[in-house]
Structure formats: structure tokens, C-alpha cells
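Written out below as C-alpha cells is the structure these notes cover.
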Amino acid sequence: MSTQAPAGPRTRQWRGVIEEYRDLLEIPEGTPAVTLREGGTPLVHSEWLSGLTGAEVFVKVEGSNPTGSFKDRGMTAAMSVAKFQGAQACVCASTGNTSASMAAYAAKAGMKPLVLVPEGKIAAGKMAQAIVHGAQVIMVRGNFDDCLMMARGLSEKYPVALVNSVNPVRLEGQKTAAFEIADFLGDAPDHHVLPVGNAGNISAYWLGYRQYRDLGQTTRLPVMHGFQAAGAAPLVIGEPVPNPETKATAIRIGNPASWDLAIAARDQSRGSIASVTDEQILAAQQDLAQRDGVFVEPGSAASVAGLLQEVAAGVEYRGSTVVVTVTGHGLKDTATALEGFSAGGRSVVDTVVDADVDAAAEAAGLTTSGLA
Ligand SMILES: Cc1ncc(COP(=O)(O)O)c(C=O)c1O
Ligand SMILES: N[C@@H](CCOP(=O)(O)O)C(=O)O
């Protein structure tokens, strides 16, 4: 161990995606950043998924953003521009994460946040975020698609900025995840796997990958693999789903706003958009948590479930580089995670003992020479 003090700071502070990539973003010149220093999220090597696929698999952990999801990348951009253009209030429809993110950035910007959510279908953690950040939350008797129709209507009729991903500035912010991945790997990956709901994110990644390739920052484009929940898979069946249903409430969306952009990303990359069941999603959530130490929410685990499904079907990844985006933090929806845990046949609380060291050791199967 050195006895010398370090010469200077070991790390510089990450400045947030606008300041890190401003010259690559289409936002009005001179827009001051409303930022919580989002982005710069970990790209974690997965020994588990690499072993299964024969590829080098990395997990892009977007739950490490300030409000716990990838939405923050888009929200810093949309809210910065809205504020710069004089908006005093903002609105979004949400399955939870967009509202949590918008509420936090509205607080930072000093704007009034108005949230429209499908009644009874938002995970408790996300709802708490929106409320605690001071949003006015309106519950709608309907699904996300109804809420988005209302949010669009409100922004057309009243002076409120719409910050869902139909606002193109949101995609500008979200495409920075592709830049970060390419910067870290030194090139674009061969394959990119991610969950798809309203379809803004797959569109944003594709925008980012193409921009970097066109600028000569990368030599190739990845094949995009999107995954929807089986009960909410309009892009897979090729038509809107009037009553989408899935335990992965984040992606409980029947008529994605960025439909055409997502199909373009799929086709231009010679990729695919397929579906996975809720059982596969919850199993993948547990596996990722227990094998790689990354706890994600169910909607995020659709990407991991999708990769596992492709490997089981014999899709060949050997020798390639694969990035799997996991979009939101597991702590946002502990109820569904624990439900999935019990459904897998395990009791949530394993054991209760008296305050006694040996009783705890016995319950844990520990002996003085190791594990029993
Ligand atoms: C955690 C999570 N994952 C994935 C998605 C899907 O992203 P997108 O709507 O951009 O397709 C969402 C929101 O829809 C989400 O909240
Ligand atoms: N999962 C999203 C749905 C809205 O998506 P957006 O990207 O269009 O804002 C959410 O968290 O609300």
C-alpha cells in the first residue's frame, strides 16, 4: 500500500449526457442542461451469459441512472429544451418510469409536472417517485395508450410540454446510450438486445449507432433484437393490442408510438422483434440477480429472457460481442419480483431463529469446517 496521497482526483465527475455529447445532439444551441448527471452507466461483463452463448456478453445497467431507468437520458434533453423554450408545466403518459423521471427533472427545472397513468397498473416504487418529487398524478380508467392520447391532447390544447418519447428530443438524449457502449467497447457490438414497449428506446439506439457509424466512430452496426411481453406484443403480431396484459407493467403497451421507427430499426439491422412470456421474464429476472448480481425490474428482464430464448432455439452468437440493455432498477417493483420468487417454489423468508449464533449457523447449513 502506498503511503503517498494521490496527486489529484482519481476520477472526473461525469457531466450528464448533454454536456458529454452536446455536439452530437440535435438540441437548440445554447440550451442550458437540466441535469441530474444521468448516463455513464455500467457496462458489466456477464460471465453467465457469455458462457451460455459463447459470445462476450455485456449488460448495460440503465437502472443506475438517477431515477433508476433509461428514461433519464431522454428526460434531461426534453426538459432542458422545454425549459429553454419557456415551458412552465410538463405532461406525460406513463407506465411508471417516464413519470418518475419527468417528476424529478421537473423539480430540478422548477416546472409543474402532470402525470397520466393507467389506474392500478403502476409499480409502487415508481408511483412513490412521482408523488414524492411533487407531480400531480391523474389516474385514468384505461391503459397506457389511452393516457398517451390524453397527454397529446392536453399538450395541443394547453400550454404544457409533452415529454413522452413522441417528443423527438427524448430520442436525442436516449441515443447517448449507444455512444457510451461504442466508446467503451471501441466499436459497436455485433448484437444489441433490449426490451420494447412504446418503442422509443430501440429507435433511439438505432439512431445513435447509425450516427456513430456515419461519423466514422465505429466500423459496423449491430443487429437489433427487440423483445415484447407476449400479452403486449403488437410489433410481433403486426397490429395494435387493444387490451395489453403482462406482469411487466413497464411494457404493458398495445400501440407503440414509435411503431414505424422500431420496424425500421429491426429491418435495417436485419434484426428481429419477438415475444417472451411473463414466466420467462420473471425467471430471467431472478437468474440475472442471482448469477450476475444485477437486480432489474420485470420489463427490463424481457431482454435477458429473449436472449435465453434465442440461445435455446439454436441462434448462433459464438465469437460475437453482445450488449443486453436492462432498462430499470429492480427496487422499483419489489412486489412482482417477490411474487416471481415464490412462484419459483421458494419461500420469501427462509428461516426464523432465536438470537443465537449456533441456531443461525445450523439454519444456514454452516459447520465449523465449512458448508454442510
Ligand atoms: C423499464 C422499462 N423497460 C423498457 C421499456 C420500453 O421502452 P420503450 O417504451 O422505449 O420501448 C420501458 C418503457 O416503455 C420501461 O419502463
Ligand atoms: N415505459 C414507459 C412508457 C412511456 O414511454 P415513453 O418513452 O414514450 O415516455 C414509461 O415508463 O412510462
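Atoms within each ligand, like the ligands themselves, are counted from 1 in listed order. One-based numbering along the sequence shown.
Atoms of ligand 1 lying under 4.0 Å from any heavy atom of E297, numbered from 1 in the order shown and given with element: 1 (C). Close approach to S94 involves these atoms of ligand 2, each under 4.0 Å from a residue heavy atom: 10 (C), 11 (O), 12 (O). Those atoms of ligand 2 with a heavy atom of F144 less than 4.0 angstrom away are 3 (C), 4 (C). Atom numbering of ligand 2 starts at 1 in the shown order; those under 4.0 Å from a heavy atom of I253 are 3 (C). Residue V196 has at least one heavy-atom neighbour below 4.0 Å for each of these atoms of ligand 1: 11 (O). Within ligand 1, the atoms closer than 4.0 Å to a non-hydrogen atom of I251 are 4 (C), 5 (C), 6 (C), numbered from 1 in the order shown. Applying the 4.0 Å criterion to heavy atoms of A250 picks out, from ligand 2, the atoms 1 (N). The atoms of ligand 2 that sit less than 4.0 Å from any heavy atom of N97 are 10 (C), 11 (O). For ligand 1, the atoms closer than 4.0 angstrom to any heavy atom of A250 are 1 (C), 2 (C), 12 (C), 13 (C), 14 (O), 15 (C), 16 (O). Close approach to G200 involves these atoms of ligand 1, each under 4.0 Å from a residue heavy atom: 8 (P), 10 (O), 11 (O).
For the 3.5 Å distance criterion, the side chains of K332 and N97 qualify, holding a donor opposite an acceptor. A donor-acceptor pair shorter than 3.5 Å cannot be found between the side chains of R291 and S46. A donor-acceptor contact closer than 3.5 angstrom links the side chains of N201 and Q174. In this structure, a donor-acceptor pair under 3.5 Å is absent between the side chains of S50 and E47. Between the side chains of H45 and E56, at least one donor N or O lies within less than 3.5 Å of an accepting N or O. Side-chain contact, W14 with E20: no donor N or O sits under 3.5 Å from an acceptor N or O. Inspection of the Y105 and E38 side chains reveals an N or O donor paired with an N or O acceptor under 3.5 Å.
When only interatomic distances are considered, the shortest N/O to N/O separation between T98 and ligand 2 falls below 3.5 Å. Some N or O of N201 is nearer than 3.5 Å to an N or O of ligand 1, by distance alone. Not one N or O of V166 is nearer than 3.5 Å to an N or O of ligand 2, by distance alone. Checked by distance only, ligand 1 and G328 stay at 3.5 Å or farther apart across all their nitrogen or oxygen atoms.
Residue contacts with ligand 1 do not include E62, since none of its heavy atoms lies under 4.0 Å from the ligand. Residue G200 places every heavy atom at 4.0 Å or more from ligand 2. Ligand 2 lies nowhere less than 4.0 angstrom from a heavy atom belonging to G197. Under the 4.0 angstrom criterion for non-hydrogen atoms, A199 is in contact with ligand 1.
For the ring pair (Phe, Tyr, Trp, His ring centres under 6.0 Å) test with H191, the passing option among Y209, Y205, Y317 is Y317; the others fail.
Within the set T327, N198, D333, the minimum heavy-atom distance to atom 4 (C) of ligand 1 is found for T327.
Annotation: atom 7 (O) of ligand 2 to nearest protein heavy atom, R170 NH2, 2.7 Å. For atom 1 (N) of ligand 2, the closest heavy atom belonging to the protein is T95 OG1, 2.8 Å. With hydrogens left out, the protein atom closest to atom 13 (C) of ligand 1 is K71 NZ, 3.0 Å, a heavy atom. Atom 6 (P) of ligand 2 has its closest protein heavy atom at S165 OG, 3.5 Å. The shortest contact between atom 2 (C) of ligand 2 and any protein heavy atom is with K71 NZ, 3.0 Å. In this structure, atom 7 (O) of ligand 1 lies nearest to the protein heavy atom F70 CZ, 3.4 Å. With respect to atom 6 (C) of ligand 1, the closest heavy atom belonging to the protein is G197 N, 3.4 Å.
When all heavy atoms of S303 and T325 are compared, the pair lying nearest together is OG-O, 2.9 Å. The minimum heavy-atom distance between C90 and M111, with the atom names listed, is CB-CE, 4.0 Å. Nearest heavy atom pair, residue A107 against residue H133, reads CB-O, 4.1 Å. When all heavy atoms of D146 and N143 are compared, the closest pair comes out as OD2-N, 2.8 Å.
Using a 4.0 Å cut-off between a side-chain N of Lys or Arg and a carboxylate O of Asp or Glu, K121 and E245 qualify as a salt bridge. Ionic pairing of K71 and E62 is not present here: no N-O contact between side-chain nitrogen and carboxylate oxygen is shorter than 4.0 angstrom.
Contacts of N97 with ligand 1, taken as heavy-atom pairs under 4.0 Å, involve the side chain alone.
How far CG of L25 is from CD of E19: 9.5 Å, rounded to the nearest 0.5 Å.
A 4.5 Å side-chain heavy-atom check between L194 and M224 finds at least one atom pair inside the cut-off.
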